[in-house]
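Written out below as structure tokens is the structure these notes cover.
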Amino acid sequence: MTELTELTAVRLLDGYRKGEWSPVEATRAALERAEAIQPEVNAFVRLTAEEALEQARESQERWRRGEPRGLLDGVPVTVKDILLQRGTPTLRGSRAVDPAGRWDEDAPSVARLREHGAVFIGKTTTPEFGWKGVTDSPLSGITRNPCDPSRTAGGSSGGSAAAVALGAGPLSLGTDGGGSVRIPASFCGIFALKPTYGRVPLYPASAFGTLAHVGPMTRDAADAALLMDVIGHPDSRDWSALTAPAGPYTDALAGGVRGLRVAYSPSLGGQVAVQPAVARAVRRAVERLADLGAYVTETDPDLTDPVEAFHTLWFSGAARVTQHLGPHQRELLDPGLREICARGARYSALDYLAAVDVRMDLGRRMGRFHDTYDLLVTPTMPLTAFEAGVEVPKGSGHRRWTGWTPFTYPFNMTQQPAASVPVGADADGLPIGLQLVAARHRDDLVLRAAHALYGAGVASAGRPTPAGS
């Protein structure tokens with residue numbers, strides 16, 4: 001018998017059309033899976049079982065009549081608890097947010113999912129206000145890795161990554177301000193895309209400004225393309241949203257990589273120490289791209305680590321997002337968040353503008369780089385998942401989370417599309433991710449190359465099994 005929690009959204013929808021299973025069956029299976037994994041991995045802030053089953057029954061009736069609503073009718077989805085969802089509190093991982101709000105509005109991406117008939121099964125965990133690259137918070141505790149619960153799921157969209165990896169819905173909406181869909185995707189063995197900035201509208205506007213993106217977290221690239229076809233359209237509430245894409249992303253998947261110019265940078269010119277198992281897995285995947293017809297050159301983009309400029313932008317945003325809190329509310333915050341807020345509040349306008357200058361120069365350099373190369377390939381992460389409940393690996397010498405994720409945040413600064421593709425595991429069975437980066441507005445190339453890796457068997461949509469299960 002088909003295990004519904006193992007299926008991608010594309011396969012679920014095909015089964016609905018053929019009458020092989022129903023939205024109610026798929027939703028019940030996803031909810032049962034979510035409830036089963038919650039005690040061990042802590043992926044959810046809340047499950048909305050009653051509402052989800054009602055939505056599934058309505059979807060089932062539409063399919064019975066042969067009148068499905070939109071592209072995702074009846075597909076179970078989850079939403080990171082940063083994005084507004086009508087009728088459900090959005091607490092953003094913080095005890096300082098009052099759950100007794102009105103909660104009467106959907107974020108743009110959530111609204112598009114609702115319009116297309118998706119079934120909302122729950123809100124997933126986040127660190128407080130999405131501030132760091134692991135997922136733990138004073139509100140909801142520690143989210144753990146689906147492959148080894150003693151390890152972190154990554155962050156800040158760690159709950160979404162764990163939920164997708166373990167079959168609690170094939171699709172999730174995450175947010176990414178410095179790697180927050182790509183980090184947990186790499187650690188948990190799923191696919192995630194940070195689209196070009198503005199491709200997926202965001203409302204309310206993030207205090208982290210144009211670093212913040214909304215992106216799909218899925219079992220594979222085909223599901224991500226389908227989700228992008230739903231959420232990647234303008235919304236009047238986001239003044240920076242792009243116009244509609246030229247065509248469906250699902251149509252762009254079939255192009256393959258033959259003839260694409262691929263730059264492979266194993267360590268950004270020696271700037272990053274990469275674990276040997278990670279380096280080997282990524283190199284094997286790059287060799288497969290060459291076998292598939294891509295022109296691969298081992299070379300590095302002309303950039304130096306922009307971490308100090310990123311910190312200026314990121315810490316200032318954190319200070320802004322907590323600026324309204326009183327002394328008692330500040331005492332409720334994650335201590336690390338309090339630290340970076342205090343630092344961010346000390347930056348001047350000139351400090352901020354100097355960081356913007358670094359960002360603009362970085363964008364110029366990457367723009368020139370993509371005059372020569374269609375895609376840049378790097379490891380997503382230089383390491384596999386480390387101990388849960390800490391911001392940085394013990395003994396690493398890093399002070400903040402940015403120290404161990406140098407491949408991700410530069411491309412938030414440049415606003416380029418970047419995806420993490422699972423390409424293997426280390427000796428402990430911990431997933432390894434490869435990062436694909438393209439020029440701004442070329443999300444189609446990223447999805448196309450990722451889909452080719454899935455088609456070649458390099459990437460896998462297999463579900464990890466938690467230790468002890």
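No experiment lies behind these values; they were computed from the predicted model shown. Throughout, residue positions are numbered sequentially from 1 according to the sequence presented.
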(message) Just by distance, no angles: are the side chains of E128 and S137 close enough, under 3.5 Å, to form a donor-acceptor pair?
(response) no
(request) Any chance you could measure L332, atom CG, to R338, atom CZ, to the nearest 0.5 Å? (result) 9.0 Å
(request) List the steps, then state whether salt bridge (Lys or Arg N to Asp or Glu O under 4.0 Å) holds for D81 with R46. (result) CA-CA 9 Å; D81 201 36; R46 67 189 55 81; 3.6 Å; yes
(request) Before accepting this row, confirm whether a basic side-chain N of the pair D235/R112 lies closer than 4.0 Å to the acidic partner's carboxylate O. (result) yes
(request) Please determine if R400 and E339 form a salt bridge, counting it only when a charged side-chain N lies under 4.0 Å from a carboxylate O. (result) yes
(request) Side-chain contact test, heavy atoms from C-beta onward, threshold under 4.5 Å: evaluate it for Y454 versus V421 and give yes or no. (result) yes
(request) Determine, step by step, whether L227 and V77 satisfy the side-chain contact (heavy atoms from CB on, under 4.5 Å) criterion, reporting the C-alpha distance in whole Å, the side-chain angles of both residues, the deciding distance to 0.1 Å, and the verdict. (result) CA-CA 10 Å; L227 185 47; V77 302; over 6 Å; no
(request) Report the distance from atom CG of L71 to atom CD of E115, rounding to the nearest 0.5 Å. (result) 11.5 Å
(message) Would you compute the distance between atom CG of D334 and atom NZ of K132 and round it to the nearest 0.5 angstrom?
(response) 4.0 Å
(request) Examine distances only and state if a side-chain atom of Q435 and a backbone atom of A418 form a donor-acceptor pair shorter than 3.5 Å. (result) no
(request) Spell out, as yes or no, whether a donor-acceptor pair under 3.5 Å connects the side chain of D73 to the backbone of S59. (result) no
(request) Taking all non-hydrogen atoms of both residues into account, name the closest pair between M217 and P184 and its distance. (result) CE-CG, 4.0 Å
(message) Just so I know, are the side chains of P406 and V307 near enough to count as touching, which here means a heavy-atom distance under 4.5 Å?
(response) no
(request) Give a yes or no on whether a salt bridge exists between R114 and E105, defined as a side-chain N under 4.0 angstrom from a carboxylate O. (result) no
(request) Using a 4.5 Å cut-off on heavy atoms from C-beta on, say whether the side chain of L53 contacts that of T27. (result) yes
(request) Provide the closest heavy-atom pair for T304 versus Q271 in the form atom of the first, atom of the second, distance. (result) CA-OE1, 3.7 Å
(request) Flag the pair S109 / L83 as yes when at least one side-chain heavy-atom distance between them is below 4.5 Å, and no otherwise. (result) yes
(message) Closer than 4.0 angstrom, basic N to acidic O: yes or no for E54 and R57?
(response) yes
(message) Using every non-hydrogen atom in the two residues, find where I432 and T384 come nearest and quote the distance to one decimal.
(response) CG1-CG2, 3.8 Å
(message) Is a donor from one side chain sitting under 3.5 angstrom from an acceptor on the other, for T196 and D443?
(response) yes
(request) Could you tell me whether the side chain of T152 reaches within less than 4.5 Å of the side chain of V390, counting heavy atoms only? (result) no
(request) Assign the ring pair W401 / Y409 to parallel, tilted or perpendicular, where the plane angle (0 to 90°) is split at 30° and 60°. (result) perpendicular
(message) Pair Q323, R320 - check side-chain hydrogen bond (donor to acceptor under 3.5 Å, both in side chains), show working.
(response) CA-CA 5 Å; Q323 186 179 31; R320 176 62 176 162; 2.3 Å; yes
(message) Just checking R399: does its CZ atom have more than 12 heavy atoms from other residues, nucleotides or ligands closer to it than 6.0 angstrom?
(response) no
(message) Test side-chain contact (heavy atoms from CB on, under 4.5 Å) on E391 and H398; report intermediate values, then the result.
(response) CA-CA 9 Å; E391 183 184 345; H398 299 308; over 6 Å; no
(message) I need the L226 CG to L171 CG distance, nearest 0.5 Å.
(response) 7.0 Å
(request) Could you check R151 against D428 for side-chain contact (heavy atoms from CB on, under 4.5 Å), going step by step and ending with a plain yes or no? (result) CA-CA 11 Å; R151 310 292 184 108; D428 295 322; 3.9 Å; yes
(request) Considering non-hydrogen atoms only, spot the tightest contact between C188 and N145 and give its length. (result) SG-ND2, 4.2 Å
(message) Any heavy-atom pair between the side chains of T414 and R440 that's under 4.5 Å?
(response) no
(request) Please tell me if the side chains of S156 and W131 come closer than 4.5 Å, counting only heavy atoms from C-beta onward. (result) no
(message) Quick check: closest heavy atoms across P417 and A439, and the distance to 0.1 Å?
(response) CD-O, 3.3 Å
(message) I'd like to know if the side chain of R11 and the backbone of E6 have a donor-acceptor N/O pair within less than 3.5 Å.
(response) no
(message) List the residues meeting side chain to side chain contact (heavy atoms under 4.5 Å, CB included) with P248, not counting sequence neighbours, and say none if there are none.
(response) D229, T250, D251
(request) Verify, without hydrogens or angle tests, whether T175 (side chain) and A212 (backbone) share a donor-acceptor contact under 3.5 angstrom. (result) no
(request) Step through it carefully: locate the ring centre of W404, locate the ring centre of F386, and say whether they are under 6.0 Å apart. (result) yes
(message) Out of the candidates K194, R182, K80, only one should pair with D176 under the salt bridge (Lys or Arg N to Asp or Glu O under 4.0 Å) rule; please name it.
(response) R182
(message) When you compare the side chains of S172 and S160, does any donor N or O come within less than 3.5 Å of an acceptor on the partner?
(response) yes
(request) Look only at the side chain of R359 and the backbone of P306, and say whether a donor-acceptor pair between them is shorter than 3.5 Å. (result) no
(message) How long is the straight-line distance from CZ of R343 back to OG of S316, given to the nearest 0.5 Å?
(response) 10.0 Å
(message) When you measure from the side chain of Q85 to the backbone of V110, do you find a donor-acceptor pair of N or O atoms at a distance under 3.5 Å?
(response) no
(message) Could you report the tightest heavy-atom contact between D223 and P170, atom names first, then the distance?
(response) OD2-CB, 4.1 Å
(message) Less than 4.5 Å apart, side chain to side chain, heavy atoms only: is that true for L333 and Q329?
(response) no
(message) I need the I183 CD1 to T405 OG1 distance, nearest 0.5 Å.
(response) 3.5 Å
(message) Let's go through L436 and V377 carefully: what are the C-alpha distance in whole Å and the side-chain angles of both, what is the deciding distance for side-chain contact (heavy atoms from CB on, under 4.5 Å) to 0.1 Å, and is it a yes or a no?
(response) CA-CA 5 Å; L436 291 165; V377 176; 3.6 Å; yes
(message) Distance alone, cut at 3.5 Å: any donor-acceptor contact between the side chains of T78 and T124?
(response) no
(message) If we ignore hydrogens and angles and just use 3.5 Å, is the side chain of D106 paired with the main-chain N or O of R86 as donor and acceptor?
(response) yes
(request) Run the numbers on S420 and T380 for side-chain hydrogen bond (donor to acceptor under 3.5 Å, both in side chains), then give the verdict. (result) CA-CA 6 Å; S420 183; T380 306; 2.9 Å; yes
(request) Would you check if the side chain of T5 reaches a backbone N or O of A29 as a donor-acceptor pair within less than 3.5 Å? (result) no
(message) With a 3.5 Å distance limit and no angle check, can you tell me whether N42 reaches the backbone of S140 through a side-chain donor-acceptor pair?
(response) yes
(message) Does this structure show an ion pair linking D444 with R442, if we count only N-O contacts that are shorter than 4.0 Å?
(response) yes
